[in-house]
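We count residues from 1, following the sequence as given. Only heavy atoms go into these numbers, but all of them, side chains included; no hydrogens, no water, no symmetry mates.
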Amino acid sequence: MLCKKVMRTRKKTQGNNPVYLNVYDLTPINGYAYWFGLGVYHSGVQVHGVEYAFGAHDRPTSGIFELEPRRCPGFTFRKSIYIGSTDLNPREVRAYMESIADNYAGNSYHLITKNCNHFCNDVCLKLTNKSIPRWVNRLARLGLLCNCVLPPELSDTKIRAVSSDNGASEAERKKLKSHSSRRYEASSKPQLS
């Protein structure tokens, strides 16, 4: 009896740089809702020791911001989920964030159709070729299906990313306008409005 040599196609090798999804609770009710596969979550993508996230502000400039991993002010850190690895170095990741900045303007944020979890899914797909877990953005998908019964003020709710005018000098405000992504300042707290 002869054995057939089986040719295996090699999978594309993954990169060496881990990519994590950091998930935060927006409400204490998540402590219970999480076990039913529900909840309202904020998320950010961590790579190369920097967390990138997306939030709202009133200007047509980027809503993408940087912060220290697992330390998003105003939210309770829930868990970090390993998504995969990337070959991109820190400069290439930053260039990618710059390239998508126009697609994620702060004034385009929408709780149901374009939120921080949508942003994280797009970034994870680019960096690792893998999506974020479905439960992280499940309520937004349910809200999209039930949009006709949601009150208009709920669909207009935004997660605030940066409050740039709180004691900021003119030079700091110009810097914020000139950079499509920036370090998140610990003194500014994201808020639901």
Heavy atoms only: give me the nearest [X]-[Y] pair and the separation to one decimal.
X: Ser80; Y: Tyr20; value: OG-CB, 3.5 Å
X: Ala53; Y: Ser43; value: CB-O, 3.9 Å
X: Phe65; Y: Gly55; value: CE2-N, 3.6 Å
X: Cys124; Y: Val19; value: SG-CG1, 4.4 Å
X: Glu92; Y: Leu88; value: OE1-CA, 3.2 Å
X: Gly84; Y: Thr128; value: C-CG2, 3.7 Å

Go through the side-chain N and O atoms of His118 and Asn115 and say whether any donor and acceptor fall under 3.5 Å apart.
->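 Looking only at side-chain atoms, Asn115 and His118 do form a donor-acceptor pair, the distance falling under 3.5 Å.
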Looking just at side-chain N and O atoms, do Asn17 and Thr86 make a donor-acceptor pair shorter than 3.5 Å?
->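 Thr86 and Asn17 do not have a side-chain donor-acceptor pair below 3.5 Å.
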Stacked cation flag Arg78 on Tyr34, 6.0 angstrom / 45 deg =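 Judged by the rule (NZ or CZ under 6.0 Å from the ring centre, within 45° of its axis), Arg78 counts as positioned above Tyr34.
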Treat each ILVMFWY residue as a node, draw an edge where side-chain heavy atoms are under 4.5 Å apart, and state whether Leu38 and Ile29 are in one component.
->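 Unlinked, Leu38 and Ile29 end up in two clusters.
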For [Y], does its backbone N or O pair with a side-chain atom of [X] as donor and acceptor, under 3.5 Å?
X: Tyr109; Y: Tyr104; value: no
X: Asp25; Y: Pro28; value: no
X: His48; Y: Val50; value: no
X: Asn30; Y: Val40; value: yes

Heavy atoms of other groups near [X] [atom1], more than 12 under 6.0 Å:
X: Leu125; atom1: CG; value: yes
X: Asn89; atom1: CG; value: yes
X: Lys114; atom1: NZ; value: yes

Among all residues two or more places apart in sequence or in another chain, which pass the ring-ring contact (aromatic ring centres under 6.0 Å, His included) test with Tyr96?
->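 Counting only residues at least two positions away or on another chain, Tyr96 forms no ring-ring contact (aromatic ring centres under 6.0 Å, His included).
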Between Phe75 and His42, how do the two ring planes meet: parallel, tilted or perpendicular, split at 30° and 60°?
->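 Phe75 vs His42 ring planes: parallel.
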Kindly compute the distance separating [atom1] ([X]) from [atom2] ([Y]), expressed to the nearest 0.5 Å.
X: Ser99; Y: Arg94; atom1: OG; atom2: CZ; result: 12.0 Å
X: Asp102; Y: Thr61; atom1: CG; atom2: OG1; result: 10.0 Å
X: Cys120; Y: Gln46; atom1: SG; atom2: CD; result: 11.5 Å
X: Lys79; Y: Tyr41; atom1: NZ; atom2: OH; result: 9.0 Å

Decide yes or no for [X] and [Y]: does some side-chain heavy atom of the first lie under 4.5 Å from some side-chain heavy atom of the second?
X: Asn121; Y: Asn137; answer: no
X: Val47; Y: Pro90; answer: no
X: Val123; Y: Phe54; answer: no

May I ask you to say whether Arg71 pairs ionically with Glu51, meaning some side-chain N is under 4.0 Å from a carboxylate O?
->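 So Arg71 does not pair with Glu51 through a salt bridge.
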Evaluate the side chain to side chain contact (heavy atoms under 4.5 Å, CB included) criterion for residues Ile100 and Ile64: first the C-alpha distance (whole Å), next the side-chain angles of each, then the deciding distance (0.1 Å), finally the verdict.
-> CA-CA 9 Å; Ile100 64 171; Ile64 298 172; 3.8 Å; yes
Taking Asn117 as the fixed residue, which of Val23, Leu139, Val136, Leu21 is the one that meets the side chain to side chain contact (heavy atoms under 4.5 Å, CB included) rule?
->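 Of the listed residues Val23, Leu139, Val136, Leu21, the side chain to side chain contact (heavy atoms under 4.5 Å, CB included) partner of Asn117 is Val136.
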Derivation and outcome, side chain to side chain contact (heavy atoms under 4.5 Å, CB included), residues Ser85 and Asn16 = CA-CA 6 Å; Ser85 297; Asn16 299 323; over 6 Å; no
